[in-house]
Enquirer: 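I have a structure here, written as structure tokens, and I will follow up with some questions on it.
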Amino acid sequence: MDSFTDLSSSTELKKTKRLHQYMGALVVTLLGTASHGAMAACEYSVDNSWNSGFVASVSVTNDGPTPIDNWEVQWQYSGDSRIVNHWSSDISGDNPYTARNAEWNGSLQPGQSVMFGFQGTSSGSAETPDVTGALCGGGSSSSSSSSSSSSSSSSSSSSSSSSSSSSSSSSGGSAENLYSLAAFPIGVAVSAGNESRSFLDIAEKQTSIAQHFSELTAGNIMKMSYLHPSEQTYDFADADEMVNWAGANGIGVHGHTFIWHSDYQVPSWMSNYSGDFEAMLNDHVSTIADHFAGRVESWDVVNEAIDENQSNCYRNSLFYQRLGSDYIAQAFTVADAADPGADLYYNDYDTEGGNSEKLDCLLQIVDDLQASNVPIDGVGFQMHVQIDWPSTSQMRTAFQEIVDRGLKVKITELDVPINNPYASTPFPQYTSYTAEAAALQKSRYKSIVETYLDVVPSHLRGGITVWGLWDGDSWLLDFDEREGADDWPLLFSGPSNGPYEEKAAFDGVAEALTGQ
Ligand code: XIL
């Protein structure tokens with residue numbers, strides 16, 4: 001709508017979503033169901049609210065025996081609540097509001113749900129109006145509202161609905177908003193820009209991400225070659241689009257990453273650079289940090305600088321070759337100067353305890369940085385783990401070492417494949433996603449999150465990010481060692497354009513976060 005303007009700054013929204021996490025979700029639901037002949041259950045939920053605004057969503061579930069082709073629902077606020085921004089539906093009017101399906105989500109099979117969201121302003125507490133419309137029973141519904149302090153199964157306590165379950169409550173006991181169960185960021189890596197399966201091209205992805213996650217990491221598009229394709233050119237367009245979407249949805253962004261050795265990521269102009277390498281690299285870090293300052297809450301400043309097979313622990317990367325180990329400290333110092341508000345992490349893989357040489361190297365590097373007063377805030381453990389490696393006690397040890405140094409611990413790239421190519425048993429151990437595999441994976445995800453909560457005190461919890469939304473998005477599917485084997489490493493299953501379904505692994509994370 002023309003009258004819609006995005007009134008809220010991304011920073012404010014980010015804070016509010018965080019505040020929401022700290023308070024626990026106050027999810028208020030109200031079911032408007034048909035008295036007679038209606039085909040859908042229409043549910044309005046306040047997902048987040050603060051002094052001057054709110055984020056809410058409406059779900060429409062086809063309760064009838066026949067498919068719905070197009071849907072349209074209405075609601076009206078009795079106070080001064082007004083919508084300023086919306087997604088996943090076409091909203092018109094100015095109280096009352098009418099929402100019609102977007103082009104891609106008009107058809108609802110029996111039992112299927114659609115959810116759309118919006119952000120609004122209001123001077124009082126967020127309202128939960130009746131959702132009306134021919135499909136929902138035209139407002140003649142009986143309804144009741146309820147609130148709960150935890151969002152888990154929040155809709156279970158509401159109303160007289162005869163509806164079948166909505167998509168988010170269909171797996172029984174699972175969280176309405178995963179992020180609201182944690183007082184720290186719950187993140188997900190996304191494809192964006194020109195990548196295939198960009199979340200910005202798939203509305204259902206946006207819906208699931210906004211529903212469950214409070215932080216985004218770019219799986220690729222904020223790496224060196226994407227942002228800095230030639231010496232004089234920075235290309236921020238794709239990353240800005242992603243970061244702006246996050247801001248508009250009250251979601252934070254973890255930046256990944258200023259410096260990474262990986263061949264395909266180091267732009268060739270940089271590999272061949274013959275000028276002042278140190279000045280060039282400082283400029284790289286500083287320009288990017290400055291561009292995103294205030295919109296990115298934390299950064300992987302340097303990624304994967306360790307090679308535990310080198311006697312001094314440093315990977316013999318382009319950066320090491322040109323500048324020695326000093327490039328790491330420099331990058332933190334420069335990033336801190338450009339964006340003093342962001343948390344700065346050193347990020348690496350296999351440091352979570354199973355490889356003790358690598359953990360030793362990590363600690364040596366961190367100790368050196370701290371001894372030189374380098375502004376490092378935390379350590380990112382990628383945690384591309386196996387179903388059975390490393391052990392929980394090894395993870396415990398690794399996290400504890402970082403906690404002992406007063407630094408934040410962030411799980412930055414978590415995935416838990418079912419099959420382990422390095423195990424002694426024949427690979428793949430599972431050729432289909434059986435109930436046994438699902439249970440195994442659930443308990444593994446659960447124990448990882450429990451270990452994190454157990455060892456890392458709340459003020460040092462930088463968050464937990466999973467490396468992709470649903471199984472078909474996982475980078476592991478292209479991994480050489482796994483070639484030819486299916487796997488199911490993430491928290492949601494497909495289909496590829498959604499709606500995405502919460503797996504047992506999701507329940508494992510939710511249970512750990514709620515102490516079940
Ligand atoms: C991966 C991406 O997921 C892939 O799409 C890409 O082809 C290679 O990089 N550690 C990291 C991430 O820090 O940047 C990597 O991401 C996965 C391993």
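For ligands, and for the atoms within them, numbers begin at 1 and follow the listed sequence. Not measured: the values here are computed from a predicted model.
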Enquirer: Can Glu195 be said to touch ligand 1, with heavy atoms closer than 4.0 Å?
Expert: no
Enquirer: Please compare Tyr264, Trp475, Tyr349 and report which has the shortest non-hydrogen distance to atom 6 (C) of ligand 1.
Expert: Tyr264
Enquirer: Which residue and non-hydrogen atom of the protein lie closest to atom 3 (O) of ligand 1, and at what distance in Å?
Expert: Trp467 NE1, 2.9 Å
Enquirer: Among all protein heavy atoms in this structure, tell me which lies nearest to atom 5 (O) of ligand 1, with the distance rounded to 0.1 Å.
Expert: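 It is Asn220 ND2, 2.9 Å.
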Enquirer: Just so I know, are the side chains of Tyr234 and Ile288 near enough to count as touching, which here means a heavy-atom distance under 4.5 Å?
Expert: yes
Enquirer: Looking at side-chain heavy atoms only, is the closest gap between His212 and Ile186 below 4.5 Å?
Expert: no
Enquirer: Should you measure from each heavy atom of Asn303, which atoms of ligand 1 turn up under 4.0 Å away?
Expert: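 Listed by number with element, the hits are 11 (C), 13 (O).
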Enquirer: For Glu413 and Asn347, does a side-chain donor sit closer than 3.5 Å to a side-chain acceptor?
Expert: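 Indeed, the side chains of Glu413 and Asn347 share at least one donor-acceptor pair under 3.5 Å.
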Enquirer: Check contact between Glu304 and ligand 1, using heavy atoms of the residue and a distance below 4.0 angstrom.
Expert: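 The answer is yes: ligand 1 sits under 4.0 Å from a heavy atom of Glu304.
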Enquirer: Given side chains that start at C-beta, do those of Asn282 and Gln330 come closer than 4.5 Å, heavy atoms only?
Expert: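 Asn282 vs Gln330: side chains touch.
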Enquirer: Do the side chains of Trp470 and Lys503 get nearer than 4.5 Å, heavy atoms only?
Expert: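 No, every pair of side-chain atoms sits at 4.5 Å or beyond.
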Enquirer: Out of His256, Met222, Lys223, Glu413, indicate the one that has the non-hydrogen atom closest to atom 1 (C) of ligand 1.
Expert: Lys223
Enquirer: Measure the acute angle between the ring planes of His291 and Phe236, then classify it against the limits of 30° and 60° as parallel, tilted or perpendicular.
Expert: parallel
